[in-house]
> 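Sharing a structure here in structure tokens format.
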Amino acid sequence: MLVLKSPAGLQLLSEIRDGVRSHLLSIDAEAGVEESNRIKLLLSKLADARIAHESSPDEVHDDIFVLETYVKLVGEYGLLWRQLATSQFSESWSTLQNAFGLIRLIKRFSGINVSAIEDQLCALETAYPYNIFFSMGAVVERFECSICGKDIDSFDCSHRKGELYRGQMAHGIARNILRLDHLAIVEQPVDKRCTVTYANDAPQFEVVRYLGRLLSSRKLLASNFGGIAWGKRASPKHQSLGRNDPCHCGSGLKYKKCCIDKPPPQQDHAQILPTHSILERVAAGA
Ligand SMILES: [Zn+2]
Ligand SMILES: [Zn+2]
């Protein structure tokens with residue numbers, strides 16, 4: 001697949017490349033970016049391009065949609081690291097899932113290479129404590145097509161859900177939700193944002209909290225995050241246990257009378273792996 005469908009789209013991509021690049025650089029310099037005028041500026045540039053290309057073919061508008069999605073991804077990416085560095089772990093989970101949604105769209109409608117960001121975010125996802133999700137179903141009177149306004153499931157509407165039409169995605173807008181149908185607990189949900197939430201100071205966020213501390217103290221730059229190696233190691237508590245201390249197993253006996261000959265207890269250990277900056281790879285993909 002070509003990177004983009006139209007020469008005009010490629011031209012726009014080269015015009016926004018510097019803006020994208022300087023945003024990525026600022027993510028490292030500032031440990032993430034809360035809200036960015038740079039992103040707003042790039043999006044308004046693309047909005048202007050839509051108007052300027054009013055009479056251009058559909059491909060140009062589809063390309064502009066992809067470029068908007070790409071710019072939004074770079075924005076969410078910056079926000080994600082800022083939220084981690086400022087202990088907004090629960091919020092950062094939603095941002096992470098938004099980013100995955102944007103990556104899926106970019107991959108589906110273009111050949112822009114976002115694999116460097118995707119690989120990194122997949123590794124980051126393993127740092128979160130979420131493994132149970134909710135799936136919600138509702139009975140809806142009808143879904144209105146976002147393009148033509150007719151019932152998207154009827155023959156009157158010629159659009160297909162999830163397809164692009166002159167840079168606009170067709171989706172069904174729920175009209176008149178009659179009742180909630182079910183709420184299920186699942187492991188592989190459609191939307192991972194529907195999850196049990198923890199408070200930002202909860203022990204479950206131990207690994208992301210550690211990552212956040214590395215980021216806020218600049219011991220780790222966002223673009224150098226290479227993943228997490230999960231392993232086991234002897235618990236530090238056990239290492240400082242004296243022969244006459246109460247045994248770690250909770251038996252109430254002295255350690256020397258209890259588990260001293262058994263192998264030391266192991267605990268999960270997460271090691272943050274560094275990598276060479278993904279900046280170059282991301283910039284090359286764009
Ligand atoms: Zn339609
Ligand atoms: Zn024991």
Side-chain angles (χ1 to χ4, degrees), residues 1 4-6 8-9 43 46-73 98 100-110 135-181 190-191 193 203 206 230-270:
M1 187 196 236
L4 286 168
K5 292 183 202 162
S6 67
L43 287 175
L46 291 168
D48 291 347
R50 252 186 212 280
I51 297 164
H53 280 284
E54 206 171 8
S55 55
S56 300
D58 290 357
E59 285 79 17
V60 178
H61 290 267
D62 291 355
D63 282 349
I64 294 172
F65 171 87
V66 168
L67 292 172
E68 283 168 345
T69 309
Y70 181 62
V71 169
K72 285 177 194 164
L73 171 64
N98 288 345
F100 281 130
L102 297 168
I103 287 171
R104 279 193 288 273
L105 291 177
I106 294 165
K107 284 167 69 173
R108 175 146 176 231
F109 295 115
S110 79
S135 165
M136 205 171 68
V139 179
V140 173
E141 196 175 83
R142 69 190 187 104
F143 284 98
E144 193 176 289
C145 173
S146 61
I147 307 281
C148 68
K150 294 169 184 158
D151 187 335
I152 202 165
D153 298 313
S154 73
F155 289 109
D156 297 338
C157 163
S158 57
H159 304 106
R160 281 210 316 241
K161 281 177 211 166
E163 291 297 323
L164 284 184
Y165 298 90
R166 275 186 84 75
Q168 257 194 300
M169 184 179 285
H171 61 267
I173 303 160
R175 290 290 176 218
N176 203 2
I177 296 170
L178 301 176
R179 63 175 187 276
L180 289 183
D181 188 35
V190 179
D191 186 350
R193 283 166 295 201
E206 188 187 10
W230 291 94
K232 299 272 184 193
R233 70 169 181 192
S235 81
K237 242 186 232 165
H238 176 263
Q239 283 163 0
S240 60
L241 198 66
R243 290 172 55 82
N244 288 316
D245 289 335
C247 185
H248 61 79
C249 75
S251 65
L253 297 171
K254 286 185 177 176
Y255 180 44
K256 66 181 179 189
K257 300 242 183 216
C258 191
C259 294
I260 195 155
D261 292 327
K262 293 184 187 163
Q266 302 278 301
Q267 67 177 36
D268 285 330
H269 174 66

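We count ligands from 1, going down the list as the structure has it; atoms in each ligand are counted the same way.
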> Give a rough value, rounded to 10 degrees, for the angle at the Zn ion (ligand 2) between atoms SG of Cys247 and SG of Cys259.
110°
> Quick check on Glu206: does its CD atom have over 12 non-hydrogen neighbours (other residues, nucleotides or ligands) under 6.0 Å away?
no
> Any Lys/Arg nitrogen of Glu54 or Arg166 sitting under 4.0 Å from an Asp/Glu carboxylate oxygen of the other?
no
> Under 2.8 Å from the Zn ion (ligand 1), how many protein N/O/S atoms do you get? Just the number, please.
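Near the Zn ion (ligand 1), the number of protein N, O or S atoms below 2.8 Å is 4.
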> Any chance NZ of Lys256 has more than 12 other-residue heavy atoms, nucleotides or ligands included, within less than 6.0 Å?
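For Lys256, atom NZ is crowded (more than 12 foreign heavy atoms under 6.0 Å).
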> Testing the basics here: between Cys148 and Cys145, what is the closest heavy-atom pair and its distance to 0.1 Å?
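Residues Cys148 and Cys145, closest heavy atoms: N-SG, 3.4 Å.
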> On a heavy-atom basis, which atom in Ala170 and which in Tyr165 lie closest, and how many Å separate them?
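The answer is CB-CE1, 3.7 Å.
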> Minimum heavy-atom separation for Met169 to Phe65, with atom names?
CE-CZ, 3.9 Å
> Check whether any N, O or S atom of Cys258, backbone or side chain, sits closer than 2.8 Å to the Zn ion (ligand 2).
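Under 2.8 Å: Cys258 contacts the Zn ion (ligand 2) through an N, O or S atom.
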> His53 and Ala8: which non-hydrogen atoms are nearest, and at how many Å?
CE1-CB, 3.7 Å
